Amino acid sequence: MALQLILADSSAGKTEYVQRSLLDLKQRDPLAKIWILMATERQINGFRSRLIENSPQRSLFNIEFFDFYSLYRHLLASAGQPDRKGTRL
């Protein structure tokens, strides 16, 4: 799995670039597994809505969205370690 960090100023087209790249990948490999990490649930919801609006198909599979806390819980669960309830980093 390749990691990419997209850095640019505000309104420079980062979201459009990422969504276009993601949709291109899904066109080539509809079952490709993709993780998207964003800071807040609000950003996740906005990104997801724009992604569906821009997608030629109305369903996309194997895309997981995380904020930092949900990624932390997911990684702990994958490692077989229990979630430390109530713990926020």
Side-chain angles (χ1 to χ4, degrees):
M1 177 186 319
L3 172 68
Q4 290 183 320
L5 293 177
I6 311 299
L7 304 173
D9 292 332
S10 177
S11 299
K14 295 179 299 290
T15 300
E16 182 181 337
Y17 171 79
V18 169
Q19 289 191 349
R20 188 175 53 247
S21 298
L22 193 149
L23 292 172
D24 288 345
L25 173 61
K26 284 301 194 178
Q27 194 75 25
R28 291 188 313 273
D29 184 2
L31 298 179
K33 187 167 187 161
I34 298 171
W35 286 12
I36 299 172
L37 176 63
M38 302 191 106
T40 66
E41 191 68 32
R42 182 178 178 187
Q43 289 175 329
I44 291 170
N45 291 336
F47 186 92
R48 184 183 289 132
S49 294
R50 286 177 63 182
L51 183 63
I52 294 299
E53 287 173 13
N54 295 328
S55 175
Q57 64 261 30
R58 288 293 175 202
S59 58
L60 298 167
F61 296 99
N62 282 339
I63 300 176
E64 288 190 70
F65 293 88
F66 297 98
D67 62 20
F68 294 107
Y69 302 109
S70 62
L71 179 61
Y72 169 75
R73 287 190 303 273
H74 180 81
L75 294 175
L76 279 179
S78 295
Q81 298 180 18
D83 184 13
R84 296 177 357 196
K85 300 206 184 306
T87 302
R88 294 198 60 123
L89 297 176

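Keep in mind that this is a model prediction, so the values were computed, not measured.
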Distance (rounded to the nearest 0.5 Å) between E64 CD and N62 CG
8.0 Å
Euclidean distance, R73 CZ relative to F68 CZ, rounded to 0.5 Å
13.5 Å
Got a sec: does the CG of D9 have more than 12 other heavy atoms crowding it under 6.0 Å?
no
Passes side-chain contact (heavy atoms from CB on, under 4.5 Å), L60 versus I34? Steps please.
CA-CA 10 Å; L60 298 167; I34 298 171; over 6 Å; no
Nearest heavy-atom pair of F47 and Q19: which atoms, and what distance?
O-NE2, 3.0 Å
Separation between CD (Q4) and OH (Y17), nearest 0.5 Å, reads 5.5 Å
Does the pair E16/R50 count as a salt bridge with the N-to-O cut at 4.0 Å?
no
Would you name the heavy atoms of M38 and Q43 that are closest together and state the gap between them?
SD-O, 3.6 Å
Taking side chain as C-beta onward, heavy atoms only, is I36 less than 4.5 Å from I44?
no
For S70, does its backbone N or O pair with a side-chain atom of D67 as donor and acceptor, under 3.5 Å?
yes
Report yes or no: does K26 contribute a side-chain atom to a donor-acceptor pair with the main-chain N or O of A32 at less than 3.5 Å?
yes
How long is the straight-line distance from CG of L22 back to OG of S55, given to the nearest 0.5 Å?
9.0 Å
Let me confirm one number: the CZ-CG distance from F65 to L37, rounded to the nearest 0.5 Å.
11.5 Å
Just so I know, are the side chains of H74 and Y72 near enough to count as touching, which here means a heavy-atom distance under 4.5 Å?
no
Taking atom CD1 of I6 and atom NZ of K14, what is their separation to the nearest 0.5 Å?
10.0 Å
For W35 and L71, what are the C-alpha separation, side-chain angles and deciding distance, and is it a side-chain contact (heavy atoms from CB on, under 4.5 Å)?
CA-CA 10 Å; W35 286 12; L71 179 61; 3.8 Å; yes
